[in-house]
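Below is one structure; the comments refer to it alone.
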Protein chains: 2
Amino acid sequence: MGYIALVAAVRKRPAAGAAVLREDVTTAIRQAVTQELAAVGYGRLSIEGVARRAGVGKTAVYRRWSSKLEMVLEIVSEVASQSLPLLDTGSLRGDIEMVLHVVSRALRHRLASQIIPDLLAEAARNPKIGHTLQEALRANQRQASELLIGRAVARGELPAGTDPDTAVDLIIGPIYWRLAVARTPLPQGYVSELATSVAAALGAPISQSSFPNERTSGSSR
Amino acid sequence: MGYIALVAAVRKRPAAGAAVLREDVTTAIRQAVTQELAAVGYGRLSIEGVARRAGVGKTAVYRRWSSKLEMVLEIVSEVASQSLPLLDTGSLRGDIEMVLHVVSRALRHRLASQIIPDLLAEAARNPKIGHTLQEALRANQRQASELLIGRAVARGELPAGTDPDTAVDLIIGPIYWRLAVARTPLPQGYVSELATSVAAALGAPISQSSFPNERTSGSSR
DNA sequence: GAGCGATGGAACGCTACCGTATCGACGCCA
DNA sequence: TGGCGTCGATACGGTAGCGTTCCATCGCTC
C-alpha cells in the first residue's frame with residue numbers, strides 16, 4: 001500500500017491494468033486527517049473518524065494505508081519536509097527576523113498550531129513518529145541554521161565557532177513557546193523586537209562570563 | 001465527589017461516620033495517573049487503565065473523581081502550582097542561570113518531559129485544561145518573571161520598560177524547545193552559556209529602533 | 001464492640017473502533 | 001468494448017472502555 005499511495009501521491013497511473021485510485025478521494029482523506037489531527041489529536045484519531053469526515057468508506061482509506069500510523073506519517077512528513085527559502089537579507093538580524101516571520105505565520109495557523117505540538121508530544125513516546133519528524137524537521141532546520149550562521153560568520157557578525165544547534169534553540173525557542181505553548185497573542189512589533197534580542201543573544205555567547213566557566217566541550221565545527 | 005476527593009487530598013477525616021477513603025489508595029491512583037499520562041497521553045488515558053495500573057478497582061477511582069478530566073485536572077494542578085524559590089543571585093545573568101537550571105532539571109525528568117508537552121498540546125483544544133494550566137503555570141511564571149526583572153531593573157541591568165511576557169519567552173523558550181521539543185541532549189556548559197546569551201538578549205531589546213545597533217558584549221556587569 | 005462505608009472484584013448493557021469481507025455500480029485502461 | 005479494480009455501503013466478530021450496580025470483606029470511628 002505504501003506503493004499504491006505513493007503512486008497516487010505522485011499522480012502517476014499504474015502501468016498496467018485499470019480502475020485507479022481516485023485522486024479526489026485521496027485528497028479528501030488527506031484533508032480529513034489533518035482536520036482530525038487538529039480536532040482530537042493523534043491519540044484519539046481513528047480511521048473511522050477520518051473516513052466519516054472525508055465522506056468516504058473505510059475501505060477507501062485501508063486501500064491506501066495499512067494503519068493510522070503509516071497514514072499520518074506519510075501525510076505529515078510530506079507537509080513537514082518542505083524547506084523554507086532563506087533569502088539573504090544582508091544582516092544576521094534581518095535574516096533572523098525573516099525566519100521568525102515565516103515561523104510565526106506558520107504557527108498562527110489554527111491547524112498547524114494544534115497539530116505540531118500534538119505530534120511532537122506524541123513523538124516523545126512513539127519512536128517512529130519521532131524519527132519521521134526528526135528527518136522532516138530537524139535536518140531541514142539544522143541546514144537552515146548552518147546557512148544562516150555561515151553567512152553571519154562570513155559577515156563578521158558572529159565568531160566562527162558558533163553552534164548551529166544552540167542557535168536554533170535561541171531563534172525558534174521563544175517564538176515557538178509564545179505561539180504554540182503559551183498561546184499569547186503577539187503585540188505590535190513583537191517579531192521585530194524579538195529578532196533584535198535574538199541577534200544580541202547569538203552575538204554575545206560566552207563573552208561576558210567573568211567566572212571560570214566551562215566551555216562547550218562537545219559539538220565541534 | 002469533589003468534596004470527598006478534597007477531604008482526602010487535604011488529609012483530614014470526615015467529621016462524622018466512619019469507614020474512610022484510604023490514603024494509600026488515593027496515592028496509588030495519583031501515581032498511576034501520572035504514569036499513564038506519560039505512557040499514553042491524555043487522549044488515550046482511560047479510567048480502567050489507571051485503575052489497572054494502580055491495582056485498585058474502578059470503583060475506587062469513581063468514588064474520588066467523576067470523570068477523567070476532573071481527575072487529571074485536580075492532580076496536575078496540584079503539582080503544577082508549586083512556585084519556584086527564586087533566590088537573588090546578585091546578577092541578572094545569575095538569576096537566569098538559576099532558573100534555567102531548575103527548569104532543565106524538571107524537564108529532564110522522564111515523566112515531566114512527556115506529560116507537560118502532552119498536556120499543553122491538549123490544552124490547545126480543551127478549554128478547561130487550558131484554563132487550569134494557565135492558572136497553575138502562567139500566573140506563577142509571570143510573577144517570577146516580574147520579580148526577576150524587577151531586580152535587574154533595580155540593579156540598572158535592564159531598562160524600566162522591559163516586558164515580563166517577552167522575557168519569559170526568551171528565558172524559557174530556548175530551554176523548553178531544546179529539552180521538550182527537540183529533545184537534544186545538553187552539552188557541557190550549555191545552561192551556563194545559554195544564560196549568558198539570554199541575558200544579552202534581554203539587555204538589548206527595542207534598541208534597534210532608537211539606537212544604532214549596539215552589540216551587547218561588554219555592556220553589563 | 002457495633003456498624004458505617006470503603007475496598008477489590010465481577011458483571012451489566014452500551015458505544016466506539018478495529019480490520020476484514022462482500023456487495024452492485026461504474027469509470028478507466030488496454 | 002471488456003474487464004479490472006476502486007467506489008460507497010453494510011455487516012461481520014472482536015476488543016476496549018464507559019459508567020453503574022451488586023457483592024462479600026474488613027477496617028475505622030464512635
Side-chain angles (χ1 to χ4, degrees), chain A residues 1-33 35-37 39-72, chain B residues 1-33 35-37 39-72:
Chain A
M1 12 232 68
Y3 165 69
I4 296 180
L6 180 63
V7 165
V10 175
R11 208 188 241 91
K12 263 189 220 149
R13 297 287 140 101
V20 161
L21 289 173
R22 270 166 53 190
E23 191 72 22
D24 56 336
V25 169
T26 305
T27 303
I29 296 177
R30 281 188 201 287
Q31 279 186 4
V33 169
Q35 287 170 355
E36 281 285 298
L37 270 183
V40 303
Y42 178 84
R44 276 205 218 277
L45 180 134
S46 70
I47 301 280
E48 299 220 354
V50 168
R52 206 181 307 130
R53 187 187 285 265
V56 306
K58 274 200 293 181
T59 335
V61 178
Y62 278 110
R63 241 175 243 124
R64 289 167 172 76
W65 301 279
S66 65
S67 70
K68 133 179 166 178
L69 177 60
E70 187 186 326
M71 175 178 71
V72 170
Chain B
M1 28 230 66
Y3 165 70
I4 296 180
L6 179 63
V7 165
V10 176
R11 209 189 241 93
K12 264 188 218 146
R13 296 286 139 101
V20 160
L21 287 173
R22 270 167 53 192
E23 191 71 22
D24 57 336
V25 170
T26 306
T27 303
I29 296 177
R30 282 188 200 286
Q31 280 186 4
V33 168
Q35 287 170 355
E36 281 286 297
L37 270 183
V40 303
Y42 178 84
R44 275 204 217 277
L45 180 134
S46 70
I47 301 281
E48 300 220 352
V50 168
R52 208 180 305 131
R53 188 187 286 265
V56 306
K58 275 199 291 181
T59 337
V61 178
Y62 278 111
R63 242 174 242 124
R64 289 165 172 78
W65 301 278
S66 65
S67 70
K68 135 179 166 178
L69 177 59
E70 188 186 325
M71 175 178 72
V72 170

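Quick note on labels: first sequence line is chain A, next is B, and so on, each numbered from 1.
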**Request:** Check whether any side-chain N or O of B:Lys58 sits under 3.5 Å from a backbone N or O of B:Ala51 as a donor-acceptor pair, and report yes or no.
**Result:** no
**Request:** Give the rounded distance in Å between these two atoms: CE of B:Met71 and C1' of D:dG17.
**Result:** 13 Å
**Complete:** Here the residues of residues 41-55 of chain A within 4.0 Å heavy-atom distance, strictly under, of DNA chain C are A:Ser46, A:Ile47, A:Glu48, A:Arg52
**Item:** Separation of D:dG19 C1' from B:Glu70 CD (nearest whole Å)
**Value:** 14 Å
**Asked** Any idea which heavy atoms bring B:Tyr42 and A:Arg44 closest together, and the distance?
**Response** CE2-NH2, 4.2 Å
**Complete:** B:Arg64 atom CZ is separated from D:dT20 atom C1', nearest whole Å, by 17 Å
**Asked** Listed by chain and number, what are the side chain to side chain contact (heavy atoms under 4.5 Å, CB included) partners of A:Ser67, not counting sequence neighbours?
**Response** A:Leu69, A:Glu70
**Rounded interatomic separation in angstrom, taking CG from A:Leu69 and P from C:dC18** = 13 Å
**Asked** Can you find a donor-acceptor N/O pair under 3.5 angstrom joining the side chain of A:Thr59 to the base of D:dA9?
**Response** yes
**Spacing of CD belonging to B:Gln31 relative to CZ belonging to B:Arg53, to within rounding of 0.5 Å** = 10.5 Å
**Request:** May I have the distance from B:Tyr62 (atom OH) to D:dG17 (atom P), rounded to whole angstrom?
**Result:** 11 Å
**Fill in**
Closest heavy-atom pair, B:Lys68 versus B:Leu45, reported as atoms and distance to 0.1 Å, is NZ-O, 3.1 Å
**Prompt:** So how far is it from A:Ile29 CD1 to A:Glu36 CD, rounded to the nearest 0.5 Å?
**Reply:** 12.5 Å
**Request:** Starting at OG1 of B:Thr59, measure out to CZ of B:Arg64 and round the result to the nearest 0.5 Å.
**Result:** 10.5 Å
**A:Arg63 and A:Val25, any side-chain heavy atoms less than 4.5 Å apart** = no
Below 3.5 Å is the cut-off: list the nitrogen or oxygen pairs between protein and nucleotides 11-15 of chain C, distance only.
none

**Request:** Please check the phosphate of D:dC7 (OP1 and OP2 only) for any side-chain N or O of A:Arg63 closer than 4.0 Å.
**Result:** yes
**Request:** Please state how far atom CD1 in A:Ile29 lies from atom P in D:dT6, giving the value in whole angstrom units.
**Result:** 13 Å
**Message:** Ignoring hydrogens, what is the shortest heavy-atom contact between B:Ala54 and B:Ala28? Give both atom names and the distance.
**Reply:** CB-O, 3.6 Å
**Request:** Would you mind reading off the distance between B:Lys68 atom NZ and D:dG19 atom P, rounded to a whole angstrom?
**Result:** 10 Å
